[in-house]
Amino acid sequence: MSEPIIDVRDLHVVLGANPVLRGVDLTVRQGEIVAVAGENGTGKSTLLRCLAGLRPPTSGEVSVFGTPPSDDAAFWRAVALVAAEPAWYPGLTVHEHVELIRVTHEPVDDAWPDVAQVLERCGLTERADAVPLTLSTGQRQRLCLASALVRPSRLLLLDEPEHGLDTAFRTRLAGILTEYARSGGTVVMASHDPGLIEATGARHTVLSSGRLAAGATR
Amino acid sequence: MNALASARAIIRAPRAKRERTWQDRYTLAFAIAVLGAVAAEPLSRAWNRIVAPAATTDPATIGTGLALVVLAYAGLIALARLVGPITVSPADAAWLVPSPLTRRAVLRPAALRLLVASVVAGVVLGVTVLTVLGVPDLATLRVAGAVLVAVAACVGGAATAVLAQRGDPESDRLGVALAALAALAIVAGLAAASGAALPWRSLLTALPRVPASVIVGVAVAACLAATGLAVRTWRALSRFPSRAVIASSARVGQATDAIVTLEPGLLTWIAEDNHWRARRLRSRPWPHLPAPLALAWVEARRLGRRPTRLAALLAAAAFPALAAVATGGITPPVAVALLAGALTAAASATAGARRDIENPTLIRLAGVSRQAARAARAIPPALLAGAWLAAALAALGLVGPGVAAGASWWAFVPLCAPPIAVAALRMAGRGPIDHSLPVLDTPGGPVPLGPLFWGVTGIDVAVLGCAPALTALLLQPAQTAGFLTAQAVATVLTVGAFLLRARRT
């Protein structure tokens, strides 16, 4: 069996006086898709932020690619995070935003889809010349996903990727994520959409009151 | 009571329930009295200066002064256009505008507010014109004439702005006209300041002693034109498009929120987003540059799409020269104008950096190291600051020899540009105001430290980083070699500290 990409052991996070995560254990191997479900406020986003190195654990260990995640360029060259909506650069179009992310990762393997292909897969070709602020909520979420998919990465961290998306595109997104995992990438997503989780064939875990549900961990 | 009056009565009911106490009335009366006492002395001084015999008939002073008045007028109308000028509260925009109520009646308070503001602005501009021209004789007629013409110009300008608010093409045309007026004023002001032998010199010298018949004629014509425009505007209010009012009200509502919450940085975001939301763009290929420079190219792409902003920055490079003429040489206001202008130019190329500092999601997706990104992002503001300083220096050279003339002054340009770029990036990264900081009691009154620190963040680095150049500018030494060396050291220290801090954060 391959080495784990993500290894979380006895993770505790306390925000203020509130324990958010209480002894979470999670192992994710290469090529896996792991979906973390659970009610609002159970710590899904906090768990993803810990995996991204954006939230230091109160106690416990988090390891991504064998080392603690660090918020630096080397880490972000391997990891793509789609969480809160970014601050779009003023005066740049949809196409230019996606292309900017692409050129900062050049040279990119020819097997990786180019800007036009990613925009087409995300249903944004017709809005390529639009300013992101003029897009609908769902279209802006597609743009976030396109920005993550246009660049090479080994791990995708997605916080509610279905946010604002229509049913048809959720099905398409499931296909995109499955293909990403088949080509060697790893996906960890927090999601409220059972349909998306099922369509991706993800390993389903449930966070409840800061703990992963029994049987959902390693 | 008609429908609109009923609606307004309901809206005002919560406020009407609270009766004014005697303390409220006393506070209001006391505030008016204090304001009057404070304003009386400068107003009396200004009046004495106006009615004193004309001290100068120098065409350069008159030309420069009038150019600045025209610039101020163009700025006021541009501000009115930015605000709306017809705007209502966000609640009225949501409830009263899209309703069967008579549109003109709903918009009447806004129109009256605009009229009052225009009259006040006109009086101020008229008095300013008189301070430039002086009042050698016919005091009552000249004061009344200048004020009437200025008020008519402001009312007419505001009415034109209201008419232009109805549609984008009209609004764009007004924008172009205001830009042309401002450019013309700057060119005329520079020409007057340079002392060039221009055909209108005799006209400028004759202006303070224009005959009574001309004053009356111009005032009557201006009032008639302004009245005509005001009547046309009043008639247009009955079919004023709701989308124009709703859009301007949303803008003003957002701006008010930013001011009320003391978050001025938010205003920049709102202005930028509103500008680009209304533009149609065409995607262009991204140049193949190293990753950090590709991020910095965001500024070039954005600025290239706002040529009017670049043109305005270039036109503003004339201000230090105009200030030099108005204040009689290289004075502290000229140095302030130079530093403020260069800092403004640099700050106009930091939008990408500002967005990434406040929300680093995209920079994480780009996977570029923060140190490299910060260093690359200093290049566009440094280039802009350098170009602006060079243009301002060239304009100062036009004003006449002895005012920052000589080749050695140009060496300060590339040395000052990097510290100014660092200062602009520091401004971009200052974030929201820290309102938790204490309020300092001073003899001049309480000073809130949060807004104070926020206000000086960035300016501090610009002043310290360019201190040798600013000192040389004010002292005008025969030899500048020592100051140049000191400036080079200040530049290296500022940029070094910036890069070191970028590595740590």
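A, B, ... follow the sequence lines: proteins, then strands. Residue 1 opens every chain.
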Participant: Does atom NE2 of His105(A) have more than 12 heavy-atom neighbours from other groups under 6.0 Å away?
Facilitator: yes

Participant: Restricting to non-hydrogen atoms, name the atom on Glu106(A) and the atom on His288(B) that form the minimum distance, rounded to 0.1 Å.
Facilitator: OE1-ND1, 2.8 Å

Participant: Return yes when atom CD of Glu39(A) has more than 12 non-hydrogen atoms of other residues, nucleotides or ligands closer than 6.0 Å, and no otherwise.
Facilitator: no

Participant: For each of Thr361(B), Leu295(B), Leu365(B), tally heavy-atom pairs with chain A at distances under 4.5 Å, and name the one with the top tally.
Facilitator: Leu365(B)

Participant: Out of Pro287(B), Ser369(B), Ala366(B), return the one with the most heavy atom pairs under 4.5 angstrom to chain A.
Facilitator: Ala366(B)

Participant: Does CH2 in Trp297(B) sit with more than 12 non-hydrogen atoms of other residues, nucleotides or ligands closer than 6.0 Å?
Facilitator: no

Participant: Please name the pair of heavy atoms, one in Pro90(A) and one in Ala351(B), separated by the smallest distance, quoted to 0.1 Å.
Facilitator: CG-CB, 3.8 Å

Participant: State the OH-CD distance between Tyr89(A) and Glu299(B), to the nearest 0.5 angstrom.
Facilitator: 9.0 Å

Participant: So what's closer than 4.5 Å to chain B heavy atoms on Ala84(A): side chain, backbone, both or neither?
Facilitator: backbone

Participant: Kindly say whether Pro292(B) contributes a backbone atom to a donor-acceptor pair with the side chain of Thr104(A) at under 3.5 angstrom?
Facilitator: no

Participant: What distance do Leu92(A) atom CG and Trp286(B) atom CH2 have between them, rounded to the nearest 0.5 Å?
Facilitator: 4.0 Å

Participant: Looking only at heavy atoms and a cut-off of under 4.5 Å, which of Ala373(B), Ala372(B), Pro290(B), Gly352(B) has the most pairs with chain A?
Facilitator: Gly352(B)

Participant: Sort out for me which of Val115(A), Val103(A), Val131(A), Leu100(A) touches chain B most, counting heavy-atom pairs under 4.5 Å.
Facilitator: Leu100(A)

Participant: Other residues, nucleotides and ligands only: do more than 12 of their heavy atoms fall within 6.0 Å of CD on Glu61(A)?
Facilitator: no

Participant: Side chain, backbone, both or neither: which part of Glu96(A) has an atom under 4.5 Å from a heavy atom of chain B?
Facilitator: both

Participant: Atom CH2 in Trp76(A), atom CD1 in Ile363(B): separation rounded to 0.5 Å?
Facilitator: 12.0 Å

Participant: When you compare the side chain of Asp129(A) with that of Leu281(B), does any pair of heavy atoms fall below 4.5 Å?
Facilitator: no

Participant: With a 4.5 angstrom heavy-atom cut-off, which part of Arg305(B) approaches chain A: side chain, backbone, both or neither?
Facilitator: side chain

Participant: Measure distances from Arg306(B) to the heavy atoms of chain A and classify the residue's part below 4.5 Å as side chain, backbone, both or neither.
Facilitator: neither

Participant: How far does OG1 of Thr134(A) sit from CZ of Arg279(B), to the nearest 0.5 angstrom?
Facilitator: 13.0 Å

Participant: Are any of the side-chain heavy atoms of Asn359(B) and Glu85(A) separated by less than 4.5 Å?
Facilitator: no

Participant: At their closest point, which heavy atom of Ser283(B) faces which heavy atom of His95(A), and how far apart are they?
Facilitator: OG-CB, 3.3 Å

Participant: Counting heavy-atom pairs closer than 4.5 Å to chain A, which one of Arg301(B), Arg364(B), Arg355(B), His275(B) comes out on top?
Facilitator: Arg364(B)

